[in-house]
Amino acid sequence: MKIDFKELAKEYKTPLYIYDFDEMSKRYLELKEAFEGEKSLIAYAVKSNSNLSVIQKFGKLGSGADCVSIGEVLRARRAGIEAYKIIFSGVGKSNEEIAQALKEGILMINLESEAEMYRVEEVAKGLGIEARISIRVNPNVDPKTHPYISTGLHENKFGVEINMAKRMYIYAKNSNWLDPIGVHFHIGSQLTDILPIKEASQIVSDLVRSLLAIGVEIRFFDVGGGLGVVYKDEEPIPVEDYAKAIISSIRGLDLTIVCEPGRYLTANAGWLLAKVLYEKQNGSKRFVIVDTAMNDLLRPSLYKAYHKIEILNDEKDNEDSTLSDIVGPICESGDWLAKDLLLPPTKSGDLILIHSAGAYGFTMASNYNTRGRPAEIACEDGKCRLIRERESFEDMIRLEQRYLEE
Ligand SMILES: *Cc1c(COP(=O)(O)O)cnc(C)c1O
């Protein structure tokens, strides 16, 4: 839908996160349709955008949830996602988290190490609840993405080697407290090359064939998330090609395909709206200082990530445009949102629109420098509404206040 950003800034102030729910739905349905004719479950990766209303939106479309902490599992439950559609992943889960996940009755716990398997078995035994599990295997393929977000090589902390996974499946099959029902891989994020996905899918489907042959009844083929999106000039993988690659690798097997997209569903359905405070010139360097910062949107500082930024004033790029950095008010040199951008002159109060901020935006936000996190807005069917209030000073000190000494 056409969103009136100026009006939203007037009504809700800045900085402000804004999400297009129609766009999120469209992307979900396109992906779901790509798997038509197969048994499939899309488990939305909650960590990309965990606002309850966002999770609820996907839940209403039939989505499950991929969670990496018990907090995310509880968010998904609170937003109405059925327990049998929830997967709990992550390299380190505490006993309490495992116990709570078992009590919730989620679809499966995704194991990332042998030690974790024994831990889950022990907790399951203590509760008298059999734990449905999958194992995250590391197929050792290079996803050709940013090193910080690549996870499918042995040098990464994620998953277990194929041979180790086989031993674990045999152990789990013979355990009274473990029920191995799934296999999982997730080779990285922001994938734009289909070959590593094909390769990984083939390696893992071969593992499934060998497991089925020895009586380990795998039913869920979980291909993780990681579908890339356009931030600048990337060429994303068409979802039809993605689905075809996966479907063809498991031909002849009776499996439910699970996929866990996060960024693909949310990144380009969200913006961060902010305001210019003033400009500053240090020698030859021009800075545009804005009212949002790395505490609101960490990706530029953390990954040197590119976000398209638009100035919403009437001046178009003109002969007065010069190179400028866009920076926030935080006391860190790493606090920048864009570097060396060709910008026309701006004035105090001009709005700036940061694109592709729907994923790993608000969820990575913090209170650094005691800055309240932004409000969040959902736009849908021609209307916009508040889905999270702006954090106030009182919100930020609530858990400390009563410990002040007299
Ligand atoms: C982060 C993550 C995802 C989602 O990744 P995107 O790149 O946002 O699609 C899915 N599954 C697992 C296990 C993850 O850790």
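Order of listing sets the numbers, starting from 1, for every ligand and every atom in it. Basis for what follows: all heavy atoms, side chains included, without hydrogens, waters or symmetry-related copies.
The pair Asp254-Lys39 counts as a salt bridge, with a side-chain nitrogen and a carboxylate oxygen less than 4.0 angstrom apart.
The number of heavy atoms from other shown groups lying within 6.0 Å of CZ (Arg385) is above 12. Other residues, nucleotides and ligands place no more than 12 heavy atoms under 6.0 Å from the NZ atom of Lys166.
The protein atom (non-hydrogen) at minimum distance from atom 9 (O) of ligand 1 is Gly226 N, 2.8 Å. Shortest contact from atom 7 (O) of ligand 1 to any protein heavy atom: Ser189 OG, 2.3 Å. Among all non-hydrogen protein atoms, the one lying nearest atom 13 (C) of ligand 1 is Glu260 OE1, 3.4 Å. Among all non-hydrogen protein atoms, the one lying nearest atom 4 (C) of ligand 1 is Ala45 CB, 3.4 Å. Regarding atom 15 (O) of ligand 1, its nearest protein heavy-atom neighbour is Lys47 NZ, 2.8 Å.
On a distance-only criterion, Gly262 and ligand 1 share at least one N/O pair closer than 3.5 Å. Note: no N/O pair closer than 3.5 Å links Ser89 and ligand 1 by distance alone. For ligand 1, the polar-atom distance check finds no N/O of His184 at less than 3.5 Å from any of the ligand's N/O atoms.
Between Ala359 and ligand 1 there is no heavy-atom distance shorter than 4.0 Å.
For the pair Leu102 and Ala131, the tightest heavy-atom approach, listed with the atom from each and the gap, is CD2-CB, 3.5 Å.
Listed by atom number, the atoms of ligand 1 under 4.0 Å from Gly225 heavy atoms are 9 (O), 10 (C), 11 (N). Near Arg263, the atoms of ligand 1 lying under 4.0 angstrom from a non-hydrogen atom of the residue are 6 (P), 7 (O), 8 (O), 9 (O).
Which of Phe88, Tyr44, Tyr360, Phe185 comes nearest to atom 6 (P) of ligand 1 through a heavy atom is settled by distance: it is Tyr360.
Of the heavy atoms in His186, only side-chain atoms (C-beta onward) come closer than 4.0 Å to ligand 1.
In the model, Thr346 has no side-chain atom that pairs as donor or acceptor with a side-chain atom of Asp350 under 3.5 Å. No hydrogens or angles considered: nothing links the side chains of Glu260 and His186 as a donor-acceptor pair under 3.5 Å. At a cut-off of 3.5 Å, with distance as the only test, a side-chain donor of Tyr171 or Glu121 sits close to an acceptor on the other residue.
Between Tyr44 and Phe58, the ring-plane angle classifies as tilted under the 30° and 60° cut-offs. Taking the six-membered ring where the residue is Trp, Tyr17 and Phe362 present perpendicular rings, their angle passing 60° and hence far from 30°.
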